[in-house]
**Q** 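Here's a structure for you.
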Amino acid sequence: MFQLFRKDVLKCLRVDERFVKESDHADLTCTIAFKIAKEEKRNPLDIARELAERLEPVGYIGKIEVVNGYINFFASEEFLEDTINTIIDTDENYGNLRFEGKILIEHTSANPDGPLHIGHMRNSIIGDSLARIFRKAGFDVTTHYYVNDMGRQIAIAVLGYRLFGLDNAKKPDHAVVDVYIKANEEIEKNPELEKEVEKLMLDYENFEGDAVRDFKFVVERALEGIKQTLRSLNVNHDEYVWESEFLRNGYVDRVLSILEGRGLIERDGAWFVKLEKPVILRRENGTTLYITRDLAYHLWKGERFERFINILGSDHKLYGRQLSEILDLINLRKPEIVFFEFVSLPEGSMSTRRGKFVSADDLISKVYEEARRIVEDRDLSEDEKDRIAKSVAVGAIRFDFVKVAPEKPMIFDWSKALDFERQTSSYIQYSHARCCSILRKAVKSGMPELEFRPEICTDIERRLVILLSKFPCVIERVIDELKPSYIAEYLLSVSNVFNEFYRGHRVLGEDSEVRMHRLAIVDAVRIVLRNGLDLLGIEALERM
RNA sequence: GGACCCGUAGCCUAGCUUGGACAGGGCGUGGGCCUCCUAAGCCCAAGGUCGCGGGUUCAAAUCCCGCCGGGUCCGCCA
């Protein structure tokens, strides 16, 4: 909706859209007068006045004002009315955009050598939120978990499994990491074992007997646990794609022969492509490397999708550049990569290998317990308490990760993770529940009619409606910049303004005209909060 | 050594792409608000050299240069 108003302002002004901005002082403001003032060495205020005099308020423009050289635009009453009506009419479809195209989003893709830890969660949450937002925008989205079943660390986990067996009493991914950690210790004590690891890798790459069976078993056990964790976080993958598949289906050979065909492969025993640094694609012993299979994967992606987005930790920046450069050399489509900085512990960075990490499962269950404790003395059934605590916990976790811009490093702190005073996601859920509660009571009293009346809007109501009109723009910005944190920030501001409205405005106690008007606003807020929370994979609770 | 990212009140964070109207929030601190739609809420107050130093500009948290602090990467690992 807001875009329509913006278009009208641009049509009216006919200036470059860079000079039209959002502002605290107006719905939109134009700073062109400053630019002209500079060129003509005149007072910006005079210029703004002259310009404004010639402007015709068209379409949704209600009022134009000049202050301090800014030309301020205010949306019309008609705009406010159309906004509310559109939101209520389109309901769960409000915010849908008309983008098209097949997109692949690959995220999480943690090595299946143990459970997800809080660093992986950042990946999953960014990726899953982006997938939801891209779907909302109209794209045909598929999500992949790229299963790294061929790595050295998987070989070590397999070695651990052979030496110690898996503890069946434990969640399978935790059982895998136990033997993975022990195997690493074992190797450190006895470097001879190194040879066994190498042999395992070689056997697996050549699809030889026991190795295939054991790799498959260990990887599947780990994935079983990982999937369970992801499910509890409302994170979904459409497909799990195993890296070794690209060896079997010929894509590795294909990508190598394309490179060979372009004369890009050099040899000195190993095969490599010479970028700034040589990138090895094939070892002397004939086996492939991670990047080789990933190139094959991207060849495969390019044949099926118009765009692909990968979510990667920033330690993969150089890797990502190398991958992209090689794809470029053979004219294949490159991935768009979202890098996120590390989540570390107060005592330093995490390490699965050394068992130094906070598992996602641990975090989820502790946050759940805390939420459950808070909800305990409410007048609700046990089932309801459980459900509320669960979605408040998931919301708290997801929101905490998604609200921070990906390029910011995070230091995990238990006391903060468990402090519900600072949980902004439950604040948004609460605001939504408040809306629901009002609407529920309106229905109960048999007068749930909604009719927005722009002419009786108070300042806060007006601010709220303008804010609601921006929801689709926020989604579009995320599509442009791949930053789901914008949604988090937006929902927070909607909740802020709504709560301010709630404090000063009674709804149910008012006469029918005001009551219907405010019920319409409350319903619209409810819809935007619910649709927005959905984009972040957080349940919009109707009561809490 | 080279490359990339981050540095905003006691703590966390938005804004930086495209320079402009008092740098927004949150936690914590001090004070106030439930005979009224959920107090997981609201209001008020204190708290800032926007890492430091230069430069560009009428105007810099935002652009440029240099430095400092923290993180990451630079494997025939993934």
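In what follows, every chain begins at residue 1, and chains take the letters A, B, ... in the order their sequences are listed.
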**Q** Using the six-membered ring for Trp and the full ring for Phe, Tyr or His, decide whether A:F34 stacks on the six-membered base ring of B:rA59 (centres under 5.5 Å, planes under 30°).
**A**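 Not stacked: fails the 5.5 Å / 30° test.
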**Q** Let's see if you can work this out: which of B:rU13, B:rC76, B:rG41 has an atom nearest to the side-chain heavy atoms of A:Y427?
**A**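 Closest nucleotide among those given: B:rG41.
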**Q** Check the phosphate of B:rU72 against A:S349, side-chain N and O only, distance under 4.0 Å to OP1 or OP2. Yes or no?
**A**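 So the side-chain polar atoms of A:S349 do come within 4.0 Å of the phosphate oxygens OP1 or OP2 of B:rU72, strictly under.
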**Q** Which nucleotide wins on minimum distance to the side chain of A:S437, given the candidates B:rC37, B:rG25, B:rC77?
**A**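 Of B:rC37, B:rG25, B:rC77, B:rC37 is nearest to the side chain of A:S437.
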**Q** Between A:F246 and A:Y251, how do the two ring planes meet: parallel, tilted or perpendicular, split at 30° and 60°?
**A**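 A:F246 and A:Y251: perpendicular rings.
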**Q** Classify the nucleic acid contact of A:D113 as base, sugar-phosphate or nothing, counting any heavy atom under 4.0 Å across all strands shown.
**A** nothing
**Q** Give the nucleotide from the list B:rC22, B:rC76, B:rC77 with an atom nearest to the side chain of A:E284.
**A**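 The listed nucleotide nearest to A:E284's side chain is B:rC76.
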**Q** Name the orientation of the base relative to the sugar in B:rC22: syn if the glycosidic angle is within 90° of 0, else anti.
**A**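 Anti conformation for B:rC22.
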**Q** May I ask you to decide whether A:E347 forms a salt bridge with A:K356, counting only side-chain N to carboxylate O separations under 4.0 Å?
**A**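 The answer is no: the pair does not qualify as a salt bridge.
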**Q** When both hydrogen-bonding distances must be under 3.5 Å and the geometry is Watson-Crick or G-U wobble, what is B:rG66 paired with, if anything?
**A**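 Matched B:rG66 with B:rC52 under the 3.5 Å cut-off.
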**Q** With sugar-phosphate meaning primed atoms plus P, OP1 and OP2, does A:H432 contact a base, only sugar-phosphate, or nothing at under 4.0 Å between heavy atoms?
**A** nothing
**Q** For A:S485 and A:Q322, find the nucleotide of RNA chain B closest to each by heavy atoms; which residue's nucleotide sits nearer the 5' end?
**A** A:S485
**Q** Check every strand shown and say whether A:T29 touches a base, only sugar-phosphate, or nothing at a heavy-atom separation below 4.0 Å.
**A** base
**Q** For the side chain of A:E481, starting at C-beta, report the closest nucleotide among B:rC4, B:rU17, B:rA21.
**A**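 Nucleotide nearest to A:E481's side chain: B:rU17.
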**Q** Name the nucleic acid region contacted by A:F272, choosing base, sugar-phosphate or nothing; use a 4.0 angstrom heavy-atom cut-off, strictly under.
**A**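 A:F272: no heavy atom of the nucleic acid under 4.0 Å.
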**Q** Mind checking A:R543 for me? I need base, sugar-phosphate or nothing, with any heavy atom below 4.0 Å counting as a touch.
**A**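 Contact class for A:R543: base.
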**Q** For A:R283 and B:rC77, is the shortest distance between a side-chain N/O and OP1 or OP2 below 4.0 Å?
**A** yes
**Q** So what does A:F339 touch, heavy atoms closer than 4.0 Å: a base, only the sugar-phosphate, or nothing?
**A** nothing
**Q** Given B:rG15, B:rU18, B:rG7, identify the nucleotide with an atom nearest to the side chain of A:K408.
**A** B:rG7
**Q** Please determine, for the side chain of A:K317, which listed nucleotide (B:rC12, B:rG15, B:rC5) has the closest atom?
**A** B:rC5
**Q** Shortest non-hydrogen contact from A:V358 to A:M350?
**A** N-SD, 3.8 Å
**Q** Take the angle between the ring planes of A:W300 and A:Y297 and call it parallel below 30°, perpendicular above 60°, tilted in between.
**A**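 Taking A:Y297 first and then A:W300, their aromatic rings sit tilted (interplane angle of 30° to 60°).
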**Q** Would the base of B:rA21 count as contacting A:S23 through its side chain, where contact means a donor and an acceptor less than 3.5 Å apart?
**A**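 A donor-acceptor contact between them is present.
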**Q** Could you work out which one of B:rC37, B:rC43, B:rC4 sits closest to the side chain of A:E500?
**A** B:rC43
**Q** Can you tell which of B:rG26, B:rC76, B:rC22 lies closest to the side chain of A:T424?
**A**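 Nucleotide nearest to A:T424's side chain: B:rG26.
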**Q** Quick check: on RNA chain B, is the nucleotide nearest A:M201 upstream (toward 5') of the one nearest A:L508, or the reverse? Name the residue that is more 5'.
**A**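 The residue closer to the strand's 5' end, by nearest nucleotide, is A:L508.
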**Q** Please name the nucleotide paired to B:rG1 by Watson-Crick or G-U wobble geometry with both distances under 3.5 Å, or report none.
**A** B:rC74
**Q** Look at all strands and tell whether A:G509 reaches a base, only sugar-phosphate, or nothing, counting heavy atoms closer than 4.0 Å.
**A** nothing
**Q** Do any side-chain nitrogens or oxygens of A:K21 fall under 4.0 Å of OP1 or OP2 in B:rG19?
**A** no
**Q** Identify whether any heavy atom of A:I156 sits under 4.0 Å from a base atom; if not, whether one sits that close to sugar-phosphate; answer base, sugar-phosphate or nothing.
**A**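 No contact.
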**Q** Using only modelled atom types and a 3.5 angstrom limit, is any donor from either the side chain of A:R378 or the base of B:rA40 paired with an acceptor on the other?
**A**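 Flag set: donor-acceptor pair detected.
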**Q** Can you tell me if the side-chain N/O atoms of A:R353 get under 4.0 Å from OP1 or OP2 in B:rC77?
**A**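 No.
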**Q** Give a yes or no on whether the ring-centroid distance for A:F2 and A:F471 is below 6.0 angstrom.
**A** no
**Q** Classify A:F498 by what it touches in the nucleic acid, base, sugar-phosphate, or nothing, heavy-atom distance under 4.0 Å.
**A**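 Nothing: the residue A:F498, judged by heavy atoms under 4.0 Å, touches no strand.
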**Q** I want to verify a distance call: between B:rA14, B:rC73, B:rC22, whose nearest atom is closest to the A:L318 side chain?
**A** B:rC73
**Q** Of all the choices, B:rC76, B:rC37, B:rG26, which nucleotide is nearest to the side chain of A:D268 once you look at every atom?
**A** B:rC76
**Q** Regarding A:R506, tell me which of base, sugar-phosphate or nothing describes its non-hydrogen contacts under 4.0 Å with the strands shown.
**A**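 Base contact - A:R506 has a heavy atom under 4.0 Å of at least one base atom.
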**Q** Does the pair A:E266/A:K274 count as a salt bridge with the N-to-O cut at 4.0 Å?
**A**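 No.
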**Q** Using 30° and 60° as the class limits, which term best fits the ring planes of A:F215 and A:Y204: parallel, tilted or perpendicular?
**A** parallel
**Q** Just call it for A:L289: base, sugar-phosphate, or nothing, with non-hydrogen atoms closer than 4.0 Å on any strand.
**A** sugar-phosphate
**Q** For A:A442, report the nucleic acid contact type (base, sugar-phosphate, nothing); a contact means any heavy atom under 4.0 Å.
**A** nothing
